[in-house]
Amino acid sequence: MGEVGGRAGQLRSSGLRHGWTTGACATAAAKAAYRALLTGEFPDPVEIVLPKGQRPAFALAVEGITEGAAGRRAMAGVVKDAGDDPDVTHGALVRATVWAGGPGTGVVFRAGPGVGTVTKPGLPLPVGEPAVNPVPRQLIREVVAEVAAAYGASGDVVVELSVDHGEEIARSTWNPRLGILGGLSILGTTGVVVPYSCSAWIDSIRRGVDVARAAGRTHVAGCTGSTSEKAAVAVHGLPEDALLDMGDFAGAVLKYLKRHPVPRLTIAGGFAKLSKLAAGHLDLHSARSQVDKGYLARLARAGGADEELTAAVAAANTALEAIQLCRAAGVPLGDLVAEAARATALGVLVGSPVAVDVLCIDRAGTIVGRAEPLGP
């Protein structure tokens with residue numbers, strides 16, 4: 001066929017334009033602002049390095065330096081381009097304001113206007129912290145260290161992130177329900193927005209299966225994102241052309257494999273998304289299916305949870321909190337979800353010679369649930 005498989009091949013075959021996450025935009029803004037704080041000049045465009053080695057350059061939409069009683073502050077802003085993905089934050093102006101911090105404090109994050117604050121447990125950040133997820137935090141720390149090294153500075157800074165109209169935009173997201181109040185989250189694991197939410201991406205999944213079959217692959221993995229893809233590769237050693245970036249479209253992978261089978265399918269994804277598959281949902285997008293904590297509570301109860309733990313799971317803020325509670329009590333909720341997800345998949349694949357195993361992961365990429373291969 002001469003086609004390239006894997007995530008990159010799917011994106012090319014879809015004909016869709018990728019975009020940049022709020023985390024990537026915030027990183028670029030923070031790098032520009034810190035350099036201006038030290039030198040008085042803003043780099044424009046400003047280049048950053050993403051986790052997979054891409055080096056995008058971002059134009060600055062706004063910039064400014066102020067002097068006040070609290071000292072000098074520098075601000076830079078980048079307009080988010082989500083590519084062809086219908087992202088509610090497309091076009092949002094992401095700002096970073098940087099000023100000197102106390103000696104030895106490193107990078108301290110603050111939530112400015114339009115960026116939320118965590119108020120409930122169950123998220124990958126402590127209560128009270130700005131809703132700036134772990135990967136964007138790491139990227140911002142890296143660019144601060146890079147600029148500090150270039151100009152002989154300490155790297156002890158406060159980075160305040162804000163999003164114009166972010167509080168209004170956040171009303172169209174799940175943030176208020178999750179206890180992230182005051183605005184949006186600064187998100188992203190790769191820095192790249194892959195345009196999942198359209199028929200072209202489903203078609204790209206089919207092309208990915210075609211490429212794998214043409215290459216003679218007998219084992220493919222449908223992954224919800226880059227972190228789960230890494231887990232599938234680590235466990236099974238699969239080559240790139242055996243990796244299907246299914247995003248939220250589990251049903252698209254299963255239905256196409258039913259007609260065009262490969263002997264073995266690994267489904268790898270975040271625990272929350274795969275809990276939806278376990279409950280019978282084939283479209284895992286948050287706008288079309290939600291985590292059913294009552295369902296998780298019933299699974300936990302079947303797995304040995306007592307009444308108190310069962311009630312705690314049902315009342316959990318997030319799926320992450322639910323599995324943390326169960327792991328602490330020795331209840332294998334992750335495995336139970338993986339097994340139920342496998343059952344849903346086999347139900348779609350019935351009559352087709354495809355064996356299925358499942359890997360559930362947490363946000364750090366740690367496997368928190370597993371179902372061994374089972375076939376017809």
Side-chain angles (χ1 to χ4, degrees), residues 85-87 122-124 172-175 177-178 180 185 187 189 194 196-198 201-202 205 221-229 231-232 244-258 265-303 310 313-327 331-350 356-363 365-371 374:
D85 195 67
D87 190 315
L123 296 166
S172 300
T173 74
W174 285 90
N175 274 17
R177 185 173 295 186
L178 295 174
I180 298 172
S185 302
L187 301 172
T189 55
V194 177
Y196 291 131
S197 304
C198 61
W201 193 257
I202 293 176
I205 289 172
C223 307
T224 60
S226 61
T227 305
S228 56
E229 186 178 280
L244 307 173
D245 190 352
M246 72 179 183
D248 294 312
F249 299 116
V253 170
L254 295 167
K255 292 170 186 177
Y256 198 71
L257 282 175
K258 181 172 183 174
L265 168 66
T266 295
I267 296 173
F271 174 75
K273 282 191 183 292
L274 293 194
S275 77
K276 299 179 189 181
L277 181 63
H281 297 286
L282 300 181
D283 185 336
L284 311 181
H285 193 280
S286 60
R288 295 178 288 276
S289 62
Q290 290 79 47
V291 174
D292 184 344
K293 282 164 283 190
Y295 171 73
L296 291 179
R298 292 191 294 275
L299 277 184
R301 183 67 164 168
T310 301
V313 170
N317 184 38
T318 62
L320 175 61
E321 183 183 5
I323 196 168
Q324 288 172 338
L325 290 168
C326 287
R327 292 182 78 186
V331 174
L333 182 60
D335 292 339
L336 294 169
V337 163
E339 290 163 5
R342 180 184 62 190
T344 297
L346 289 171
V348 177
L349 291 164
V350 65
V356 179
D357 69 284
V358 176
L359 302 173
C360 293
I361 63 168
D362 64 14
R363 291 176 182 269
T366 302
I367 294 172
V368 296
R370 190 165 183 172
L374 186 65

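For this chain, numbers begin at 1 and follow the sequence in order. Just so you know, these numbers use all the heavy atoms, side chains as well, and skip hydrogens, waters and symmetry mates.
A distance of 9.5 Å separates CG of Leu299 from CG of Asp292, quoted to the nearest 0.5 Å. To the nearest 0.5 angstrom, Thr366 atom OG1 is 14.0 Å from Phe271 atom CZ. If you take CZ on Arg342 and CG on Asp335, they are separated by 10.0 Å, rounding to the nearest 0.5 Å. Taken from OG1 in Thr344 to CG in Leu254, the straight-line distance is 9.0 Å, to the nearest 0.5 Å. The CD1 atom of Ile361 lies 10.5 Å from the CD atom of Glu229; values are rounded to the nearest 0.5 Å. Atom CE of Met246 and atom CG of Leu277 lie 7.0 Å apart (nearest 0.5 Å).
Looking at every heavy atom in both residues, Leu359 comes nearest to Ala231 through CD1-O, 4.2 Å. When all heavy atoms are compared, the tightest approach of Glu321 to Asn317 is OE1-N, 2.7 Å. Heavy-atom minimum distance, Ser185 versus Ile180: OG-CD1, 3.4 Å. Nearest heavy-atom pair, Ala252 versus Ile205, reported as atom, atom and distance to 0.1 Å: CB-CD1, 4.1 Å. Counting all heavy atoms, side chain and backbone alike, Val356 lies closest to Ala345 at CG1-CB, 4.2 Å. Taking both residues in full, the closest heavy atoms of Ser228 and Cys223 are given as OG-CB, 3.6 Å, listed atom of the first, atom of the second, then distance.
Under the side-chain contact (heavy atoms from CB on, under 4.5 Å) criterion, Val291 pairs with Ala272, Ser275, Lys276, Lys293, Leu296, Ala319, not counting sequence neighbours. Applying the side-chain hydrogen bond (donor to acceptor under 3.5 Å, both in side chains) rule to Thr266 yields the partners His219, His236, Asp357; only residues at least two apart in sequence or on another chain are considered. Remark: Ser172 pairs with Val88 by the side-chain contact (heavy atoms from CB on, under 4.5 Å) rule, at least two apart or across chains. Here Tyr256 pairs with Arg207, Asp210 under the side-chain hydrogen bond (donor to acceptor under 3.5 Å, both in side chains) rule; sequence neighbours left out. For Ala338, the side-chain contact (heavy atoms from CB on, under 4.5 Å) partners at least two apart in sequence or on another chain are Val358, Cys360, Ala371. Residues satisfying the side-chain contact (heavy atoms from CB on, under 4.5 Å) test with Ala314, not counting sequence neighbours, are Ala297.
Residues Val348 and Lys255 are in side-chain contact: their nearest non-hydrogen atoms beyond the backbone lie under 4.5 Å apart. Side-chain contact between Leu374 and Leu346: present, with at least one pair of heavy atoms (C-beta onward) separated by less than 4.5 Å.
Applying the side-chain contact (heavy atoms from CB on, under 4.5 Å) test between Asp248 and each of Thr224, Leu282, Asp283 identifies Asp283 as the sole match.
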Is there a side chain to side chain contact (heavy atoms under 4.5 Å, CB included) between Asp362 and Ile323 once you walk through the steps?
CA-CA 9 Å; Asp362 64 14; Ile323 196 168; over 6 Å; no

